[in-house]
Amino acid sequence: MSTPAHTTALSTAAAPGARWPGGARSAVALAFDLDGPTGDAMLSGEIWRKPAYFSLGAYGPYRALPRILGLLRSAGVTATFFVPAWVIETWPDACLAIVEQGHEVAHHGYRHERYWDLTPTEQAEVISRSQEVFTRVLGAPAQGFRTPSGDWHPQTPRLLLEAGFTYSSSMRGDDRPYFHEIDGAPTSLVEIPGRWDLDDYASLAYTREPDFPKGQDRIASYELTLDNWIREFDGHHAEGLCMTTLFHPKVSGKPGRLLLLERFLAHMSAQPGVWFAACREIAAWWAQRPAPQAGGGPEATAHA
């Protein structure tokens, strides 16, 4: 049997009911993917022939982001924005405003690449190019990473460690942070997992040409969407877990949907013992826990 080239597993330090800083019962890492018009259509060049589709993405950093920053300011909540470096170059003032208002900006590819399609060398080039943009425009490299493609290459965690990242928010295997393993050995790379349950695309995204969802005929009830989000939070809070979101300003930063976010934040803020923190703060706190043991949890994968 060949030796695994990469293994990811849960740390046994991630005990159920873990309590959080200041005696908080649960943690919330509110997070937004500020994709802009990046993604498959940009990577293929198709987007340059579809100005309406470009504007749909551009709405995020241009129009929706200021609304969301205003909402966070009113709520007194810190958030993380995962931003492709191309968006930072194209809307530098908008992205600087995120940092200036006390929020975190983290890595989300250069043009929202599919990491599983890239060789390790190609991934390293995307990371290096993006970190140069972060440093030049925002003043510091990113500490955190969220894969743009929803999955990654078996060598991606190794590359992240080599590039100095402290955490990822890319995987799905738990509702608590955990440490990644490489070649069966625990590392310092923290994972803050999130799932489609708290992705606004699952309920609210809708485009034509390209069609999304492919079968069309679906924008969920706003009341039911809010009810789903609240139930997810209530469950996480009851068990003392860590919840993060996969929201997109171009989807949920529209006027009517912003009211959903406002009511969602109001519900969470009204509960006692919630620690709202940027992902980098969650990762830094988790990294202070005892060194993890080799695991074998629900996300363990082996590659020859």
Side-chain angles (χ1 to χ4, degrees), residues 31-72 79-98 103 105-118 126 129-130 133 137 146-151 194 196 198-226 228-229 245-262 264:
F32 298 85
D33 294 358
L34 186 65
D35 297 338
T38 64
D40 290 350
M42 179 173 285
L43 294 170
S44 71
E46 182 182 12
I47 199 164
W48 307 116
R49 300 186 295 275
K50 295 187 173 182
Y53 192 51
F54 182 96
S55 68
L56 184 72
Y59 183 91
Y62 174 70
R63 191 73 174 117
L65 177 62
R67 287 195 187 105
I68 290 172
L69 291 176
L71 174 63
L72 296 173
T80 299
F81 291 79
F82 294 95
V83 188
W86 186 92
V87 173
I88 296 173
E89 287 183 315
T90 307
W91 288 277
D93 291 343
C95 294
L96 274 169
I98 299 173
H103 306 292
V105 179
H107 179 89
H108 202 46
Y110 180 74
R111 294 187 300 169
H112 207 274
E113 293 80 2
R114 293 178 178 270
Y115 268 69
W116 68 69
D117 285 340
L118 303 180
V126 171
R129 183 179 186 183
S130 299
V133 172
V137 178
R146 175 173 282 173
T147 178
S149 50
D151 208 340
W196 310 127
L198 288 158
D199 187 336
D200 51 8
Y201 254 80
S203 301
L204 301 174
Y206 186 97
T207 67
R208 297 294 305 275
E209 297 181 357
D211 291 349
F212 185 91
K214 290 185 177 180
Q216 297 292 353
D217 296 334
R218 192 280 285 120
I219 291 181
S221 158
Y222 288 11
E223 285 297 327
L224 291 178
T225 297
L226 177 61
N228 288 344
W229 294 351
T245 59
L246 293 84
F247 292 158
H248 301 77
K250 64 184 177 184
V251 174
S252 54
K254 298 173 183 177
R257 296 168 182 188
L258 195 76
L259 299 178
L260 297 184
L261 292 179
E262 183 178 22
F264 188 38

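Here the structure is a predicted model, which is why all the values come from computation and not from measurement.
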K50 side, atom NZ; I47 side, atom CD1 - distance, nearest 0.5 Å: 9.5 Å

How about L43 and Y110: do any of their side-chain heavy atoms sit closer than 4.5 Å? no

Just to verify, what does W116 make a ring pair (Phe, Tyr, Trp, His ring centres under 6.0 Å) with, not counting sequence neighbours? none

Measure the CG-CD distance between N228 and E223 for me, rounded to the nearest 0.5 Å. 11.5 Å

Give, for atom NE2 of H103 and atom CZ of F81, the distance between the pair rounded to the nearest 0.5 Å. 5.5 Å

Under the side-chain contact (heavy atoms from CB on, under 4.5 Å) criterion, do F247 and F264 qualify, and how do the steps go? CA-CA 12 Å; F247 292 158; F264 188 38; 4.1 Å; yes

Please name all residues satisfying salt bridge (charged side-chain N to carboxylate O under 4.0 Å, His left out) with D151, sequence neighbours left out, ordered by chain then number. none

Could you pull out every donor-acceptor pair under 3.5 Å between side chains of residues 56-71 and any protein atom, sequence neighbours left out?
unit_1, atom_1, unit_2, atom_2, d
Y59, OH, R67, NH1, 2.8
R67, NH1, G253, O, 3.0

May I have the step-by-step check of side-chain contact (heavy atoms from CB on, under 4.5 Å) for H248 and F32, ending in yes or no? CA-CA 5 Å; H248 301 77; F32 298 85; over 6 Å; no

Nearest heavy atoms of A205 and Y201, plus distance in Å: CB-CD2, 3.2 Å

For E89, give me all partners under salt bridge (charged side-chain N to carboxylate O under 4.0 Å, His left out), at least two apart in sequence or on another chain. R136

Taking every non-hydrogen atom, the tightest pair across T80 and A106: CG2-CB, 4.2 Å

Measuring only between side-chain heavy atoms, which start at C-beta, is I98 closer than 4.5 Å to L34? yes

Restricting to non-hydrogen atoms, name the atom on C95 and the atom on V105 that form the minimum distance, rounded to 0.1 Å. O-CG2, 4.2 Å

Salt bridge (charged side-chain N to carboxylate O under 4.0 Å, His left out) filter on R114, not counting sequence neighbours, yields D40

Among R111, H108, K250, find the one that has a side-chain hydrogen bond (donor to acceptor under 3.5 Å, both in side chains) with D35. H108

Any R129 side-chain heavy atom under 4.5 Å of V126 side chain: no

Distance in Å, E46 CD paired with S44 OG, rounded so as to fall on 0.5 Å steps: 5.0 Å

Check Y115 against H107 and note the closest heavy-atom contact, atom names and distance. OH-NE2, 2.8 Å

Knowing that exactly one of D200, T245, L224 qualifies, which makes a side-chain contact (heavy atoms from CB on, under 4.5 Å) with W229? D200

Which atom of G150 lies closest to which atom of W196, heavy atoms considered: CA-CH2, 4.4 Å

Worked verdict on L260 versus S252 for side-chain contact (heavy atoms from CB on, under 4.5 Å): CA-CA 8 Å; L260 297 184; S252 54; over 6 Å; no

Would you call the rings of W86 and F54 parallel, tilted or perpendicular if under 30° counts as parallel and over 60° as perpendicular? perpendicular

Which residues satisfy the salt bridge (charged side-chain N to carboxylate O under 4.0 Å, His left out) test with D33, sequence neighbours excluded? R146

